[in-house]
K.L.:
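Pasting a structure below so you can have a look.
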Amino acid sequence: MSGRLLVVGSVNVDLFTHVERHPAPGETLLGTGGERSPGGKGANQAVAAALQGAPVSLVGAVGADADADVALTCLRLAGVDLAQVVALPTARTGLAVITVGADGENTIVVIPGANAEVGPEQVQAAVDDLTAADLLLLQGELRRDTTEAALRAAAARRIRTVFNVAPWSGVDGDVLTLADPLVVNEHEAALAARELRLGSEVTAGQPVDLARALLTAGMRSVVITLGGAGAVVAHPDAVTSHPSPRVSVADTTGAGDAFTGALAARLLRGDDLATATDHAVRVGAYAVQHAGAQPSYPGPDATLS
């Protein structure tokens with residue numbers, strides 16, 4: 001690879017609970033689990049990309065608490081450069097409380113903690129160090145002003161940015177169009193369409209139609225993830241579908257991050273968007289067959305379906 005991947009994003013500890021089914025509002029259920037493992041969308045994607053062979057640097061923050069060591073464990077093992085992850089003495093490390101049902105589907109509540117202290121100044125300094133051979137990767141778990149500052153700084157330096165708007169953070173439409181690609185699920189794609197003032201008949205359409213509409217509205221390229229169905233890719237030359245292998249699902253936690261990290265790693269290597277997506281759906285399929293987020297990600301020697 002001729003450059004490196006700079007990931008600007010969240011670093012969390014994931015607290016897992018396991019239940020037969022998800023509780024209804026006001027209902028109490030008995031569960032199992034209680035284990036803590038590394039998480040956060042930024043950290044997840046950094047680990048996934050590093051395990052796929054990309055040189056990765058992470059910009060973020062943790063607290064000065066015991067959870068910080070847990071949060072950074074897999075990042076260190078994967079060889080991610082953590083020189084720009086700051087430890088804040090007055091903040092707690094971010095926490096995600098994850099409930100996993102017997103069907104592998106999950107619900108997640110995120111408490112940002114130190115992630116909320118990652119500001120535009122910290123990000124600007126990191127982006128200023130990028131070169132034309134590098135790639136920037138962003139998600140939606142940091143502050144909106146920080147995310148927008150990163151996108152604008154990268155655009156000013158002609159640095160390609162992969163922007164996974166998850167969770168949806170209300171980023172302005174003119175900033176969305178700086179992404180190349182914008183990576184969203186179907187729900188986030190509809191929100192992006194609304195931000196770009198596309199009609200309701202478009203947002204209610206099929207993923208292929210929605211991808212085309214986002215491209216027409218000014219997006220440079222779009223990847224819409226479809227879970228077990230794979231992904232749709234839209235760029236100026238074509239709109240293509242990329243099915244996922246059929247696998248047994250153990251836990252969907254972090255599978256989208258595995259996909260996005262692998263996608264960014266392959267783009268950094270020089271793959272075109274369609275080829276990178278073909279690989280990324282297989283990495284995501286591998287991840288759902290194993291429990292947890294970062295511990296479920298495949299290394300370079302793993303056999304992908």
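Everything numeric here is computed off the predicted structure, so don't read it as measured data.
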K.L.:
Name all residues meeting the side chain to side chain donor-acceptor pair (under 3.5 Å) criterion together with T260; count only those two or more places apart in sequence or in a different chain, and write none if there are none.
P.N.:
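With neighbours one apart ignored, the set is empty.
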
K.L.:
For residues L51 and V283: do they belong to one hydrophobic cluster (side chain heavy atoms under 4.5 Å, members Ile, Leu, Val, Met, Phe, Trp, Tyr)?
P.N.:
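Different clusters.
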
K.L.:
Which salt bridge (Lys or Arg N to Asp or Glu O under 4.0 Å) pairs, counting each pair once, include a residue from residues 156-167, with sequence neighbours left out?
P.N.:
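Pairs touching residues 156-167 that pass the test: R160-D180.
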
K.L.:
Going by atom types only, do N164 and Q139 share a side-chain donor-acceptor pair under 3.5 Å?
P.N.:
no

K.L.:
Measure the spacing between CD of Q124 and CG of D128 and express it to the nearest 0.5 Å.
P.N.:
4.5 Å

K.L.:
In the single-linkage hydrophobic clustering (I, L, V, M, F, W, Y; side-chain heavy atoms under 4.5 Å), do L215 and V232 co-cluster?
P.N.:
no

K.L.:
Within the side chain of S10, is there an N or O that forms a donor-acceptor pair under 3.5 Å with the backbone of K41?
P.N.:
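Yes: the side chain of S10 pairs with the backbone of K41.
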
K.L.:
Give a yes or no on whether V8 and V86 share a hydrophobic cluster (residues Ile, Leu, Val, Met, Phe, Trp, Tyr; joining criterion: side-chain heavy atoms under 4.5 Å apart).
P.N.:
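Cluster IDs for V8 and V86 differ.
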
K.L.:
Supply the atom-to-atom distance E141 CD to D257 CG, rounded to the nearest 0.5 angstrom.
P.N.:
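Interatomic distance, E141 CD to D257 CG, rounded to 0.5 Å: 7.5 Å.
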
K.L.:
Check each of D69, D67, D14 against R36 using the salt bridge (Lys or Arg N to Asp or Glu O under 4.0 Å) test, and report the only one that passes.
P.N.:
D67

K.L.:
Please report the shortest heavy-atom distance between V80 and A46, naming the atom on each side.
P.N.:
CG2-O, 3.9 Å

K.L.:
Show every salt bridge (Lys or Arg N to Asp or Glu O under 4.0 Å) that has at least one partner inside residues 273-295, sequence neighbours left out.
P.N.:
none

K.L.:
For A91, what residues pass the side-chain contact (heavy atoms from CB on, under 4.5 Å) criterion, not counting sequence neighbours?
P.N.:
L88, A114

K.L.:
Minimum heavy-atom separation for Y297 and Y286, please, with both atom names.
P.N.:
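Heavy atoms of Y297 and Y286 come nearest at C-CE2, 4.2 Å.
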
K.L.:
In a check of side-chain hydrogen bond (donor to acceptor under 3.5 Å, both in side chains) between Q52 and each of R266, R269, H279, which one passes?
P.N.:
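Going through R266, R269, H279 one by one, the side-chain hydrogen bond (donor to acceptor under 3.5 Å, both in side chains) with Q52 is satisfied by H279 alone.
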
K.L.:
Report whether L176 and I224 are members of the same hydrophobic cluster (ILVMFWY, side-chain heavy atoms less than 4.5 Å apart, transitive linking).
P.N.:
yes

K.L.:
Among all residues two or more places apart in sequence or in another chain, which pass the side chain to side chain donor-acceptor pair (under 3.5 Å) test with N12?
P.N.:
N115

K.L.:
Using the side-chain contact (heavy atoms from CB on, under 4.5 Å) criterion, which residues pair with P243? Sequence neighbours excluded.
P.N.:
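So P243 forms no side-chain contact (heavy atoms from CB on, under 4.5 Å) with any residue.
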
K.L.:
Honestly curious: do V208 and L191 fall in one hydrophobic cluster under the side-chain, below-4.5 Å linking rule?
P.N.:
yes

K.L.:
Would you compute the distance between atom CG of L196 and atom OG1 of T177 and round it to the nearest 0.5 angstrom?
P.N.:
7.5 Å

K.L.:
When Ile, Leu, Val, Met, Phe, Trp and Tyr are grouped by side-chain heavy atoms lying under 4.5 Å apart, directly or through other members, which residues fall in the same group as V100?
P.N.:
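Result for V100 is F16, I98, I108, V110.
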
K.L.:
What residues, two or more places apart in sequence or in another chain, satisfy side chain to side chain donor-acceptor pair (under 3.5 Å) together with D174?
P.N.:
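Expected list: none.
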
K.L.:
Which atom names give the shortest non-hydrogen contact between V59 and A126, and what distance separates them?
P.N.:
CG2-CB, 3.5 Å

K.L.:
Report the C-alpha separation of L130 and R4 in whole Å, then their side-chain angles, then the decisive distance to 0.1 Å, and conclude whether the side-chain contact (heavy atoms from CB on, under 4.5 Å) test is met.
P.N.:
CA-CA 9 Å; L130 293 178; R4 66 188 169 102; 4.1 Å; yes

K.L.:
May I have the step-by-step check of side-chain contact (heavy atoms from CB on, under 4.5 Å) for L273 and L263, ending in yes or no?
P.N.:
CA-CA 8 Å; L273 187 55; L263 178 78; 4.1 Å; yes

K.L.:
Can you tell me how far the CG atom of L75 sits from the CG atom of L58, to the nearest 0.5 Å?
P.N.:
6.0 Å

K.L.:
Within this structure, what is the CZ-CG distance for the pair R21 and D103, rounded to the nearest 0.5 Å?
P.N.:
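Going from CZ on R21 over to CG on D103, the span is 12.0 Å.
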
K.L.:
To the closest 0.5 Å, what do you measure between NE2 (H242) and OG1 (T275)?
P.N.:
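One finds 8.5 Å between NE2 of H242 and OG1 of T275.
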
K.L.:
Under the side-chain contact (heavy atoms from CB on, under 4.5 Å) rule, collect the residues that match up with A24, sequence neighbours excluded.
P.N.:
E27

K.L.:
Which of these passes side-chain contact (heavy atoms from CB on, under 4.5 Å) with T161: L136, L178, L182?
P.N.:
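So, applying the side-chain contact (heavy atoms from CB on, under 4.5 Å) to T161 and each of L136, L178, L182, only L136 qualifies.
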
K.L.:
Quick one: hydrophobic cluster around V249, which other residues, with the 4.5 Å side-chain cut-off, linked directly or via members?
P.N.:
V247, V288

K.L.:
Side chains of T147 and V165: does their closest heavy-atom pair fall under 4.5 Å?
P.N.:
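No; the side chains remain at least 4.5 Å from each other.
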
K.L.:
Going by the rule side chain to side chain donor-acceptor pair (under 3.5 Å), which residues pair with S169 if we only count those two or more places apart in sequence or in a different chain?
P.N.:
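Residues passing side chain to side chain donor-acceptor pair (under 3.5 Å) with S169: none at all.
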
K.L.:
Taking all non-hydrogen atoms of both residues into account, name the closest pair between A274 and T240 and its distance.
P.N.:
CB-OG1, 4.5 Å

K.L.:
Each residue besides V19 in its hydrophobic cluster should be listed here, by chain and number; the cluster joins Ile, Leu, Val, Met, Phe, Trp and Tyr at side-chain heavy-atom distances under 4.5 Å.
P.N.:
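In the cluster with V19 there is nothing else; it is isolated.
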
